[in-house]
Amino acid sequence: MTPFQQEVYKALDLIPKGCVTTYGAVAAYLGTKAVRAVGTAVGKNPNAPQVPCHRVVPLTGKIGNYSGQGGVATKIRLLEEEGVFLKNGKVLDFEKCLFTFDHPTEHV
DNA sequence: AGCGTGACGAACT
DNA sequence: TAGTTCGCCACGC
């Protein structure tokens with residue numbers, strides 16, 4: 001477990017239920033430009049319900065990937081349970097459910 | 001210290 | 001429009 005991963009998991013924990021975020025948003029939140037690093041950190045181990053990693057999707061609005069049980073299918077299932085439905089492998093109203101870590105003090 | 005890999009992203013052809 | 005390539009940062013070897 002690396003500090004970087006802890007930051008990532010903590011960020012995912014900020015995602016409100018019924019919403020989704022993107023790897024890029026998490027990367028920006030952590031202050032990094034490498035979404036790869038975020039994706040790597042998330043895909044490393046926290047596939048467990050320990051972290052709402054299923055609320056994280058690529059900027060394309062697609063489901064992306066999931067290392068948990070059932071893979072992407074389970075990821076979709078979890079999102080539907082929260083109210084985030086999928087269509088053709090993509091999120092419905094993706095930008096509306098999108099959570100971009102709207103900091104209360106982003107530029108003060 | 002360097003190389004390869006990875007739950008992505010953007011640009012190019 | 002779809003497929004492919006490079007880049008990006010962190011981690012393991």
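Residue numbers start from 1 in every chain, and the chains themselves are labelled A, B, ... in the order their sequence lines are given, proteins ahead of strands.
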Novice: Any side-chain heavy atom of A:K75 sitting closer than 4.5 Å to one from A:L78?
Specialist: no
Novice: Are A:Y66 and A:C53 packed together at the side-chain level, in the sense that at least one heavy-atom pair is separated by less than 4.5 angstrom?
Specialist: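 They are in side-chain contact.
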Novice: Using both pair distances under 3.5 Å as the test, note the stems of at least 3 consecutive Watson-Crick or G-U pairs that include DNA chain B.
Specialist: B:2-6 with C:9-13, B:8-13 with C:2-7
Novice: Just how far is it from atom NZ of A:K10 to atom CG of A:L14, taken to the nearest 0.5 Å?
Specialist: 8.0 Å
Novice: Which parts of residues 19-38 of chain A get close to DNA chain C, meaning a heavy atom less than 4.0 angstrom away?
Specialist: A:T32, A:K33, A:A34, A:R36, A:A37
Novice: Is it true that A:I15 and A:V84 fall in one hydrophobic cluster, defined by side-chain heavy atoms closer than 4.5 Å?
Specialist: no
Novice: Tell me, do A:F4 and A:K44 make a side-chain contact under 4.5 Å, heavy atoms counted?
Specialist: no
Novice: So do the side chains of A:E82 and A:R55 get within less than 4.5 Å of each other, counting heavy atoms only?
Specialist: yes
Novice: For nucleotides 10-13 of chain B, which of its nitrogen or oxygen atoms have a protein nitrogen or oxygen under 3.5 Å away, and what is each distance?
Specialist:
none

Novice: Provide, to the nearest angstrom, the distance between the CZ atom belonging to A:F94 and the P atom belonging to B:dC8.
Specialist: 13 Å
Novice: Kindly indicate whether the side chain of A:F94, heavy atoms from C-beta on, has any atom under 4.5 Å from the side chain of A:T60.
Specialist: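 Of all side-chain heavy-atom pairs linking A:T60 with A:F94, none is under 4.5 Å.
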Novice: Should A:V42 and A:V72 be counted in the same cluster of Ile, Leu, Val, Met, Phe, Trp and Tyr side chains packed under 4.5 Å apart?
Specialist: no
Novice: Look at the side chain of A:T100 and the backbone N and O of A:D102, then say whether any donor-acceptor pair between them is shorter than 3.5 Å.
Specialist: no
Novice: Do side-chain atoms of A:K62 reach the backbone of A:G89 as a donor and acceptor pair under 3.5 angstrom?
Specialist: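 No.
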Novice: Anything under 3.5 Å between a protein N or O and an N or O of nucleotides 11-13 of chain C, put it in a table, one pair a line.
Specialist:
residue : atom : partner : partner atom : Å
C:dC11  : OP1  : A:T2    : OG1          : 2.7

Novice: Counting only heavy atoms not in A:Q69, do more than 12 sit closer than 6.0 Å to its CD atom?
Specialist: no
Novice: Apply the side chain to side chain contact (heavy atoms under 4.5 Å, CB included) test between A:I63 and each candidate in A:I76, A:V56, A:V20; give the one that qualifies.
Specialist: A:I76
Novice: Please determine whether residues A:V26 and A:V35 belong to a single hydrophobic cluster, defined as Ile, Leu, Val, Met, Phe, Trp and Tyr linked transitively by side-chain heavy-atom distances below 4.5 Å.
Specialist: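 Linked, A:V26 and A:V35 end up in one cluster.
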Novice: Which residues end up grouped with A:F85 if you chain together Ile, Leu, Val, Met, Phe, Trp and Tyr wherever their side-chain heavy atoms are less than 4.5 Å apart?
Specialist: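 ILVMFWY cluster around A:F85 also holds A:L92.
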Novice: Where along residues 61-78 of chain A does a heavy atom come under 4.0 Å from DNA chain C, residue by residue in number order?
Specialist: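 Those residues whose heavy atoms fall under 4.0 Å from DNA chain C, taken from residues 61-78 of chain A, amount to none.
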Novice: Among A:Y23, A:F99, A:F101, find the one that has a ring-ring contact (aromatic ring centres under 6.0 Å, His included) with A:Y29.
Specialist: A:F101
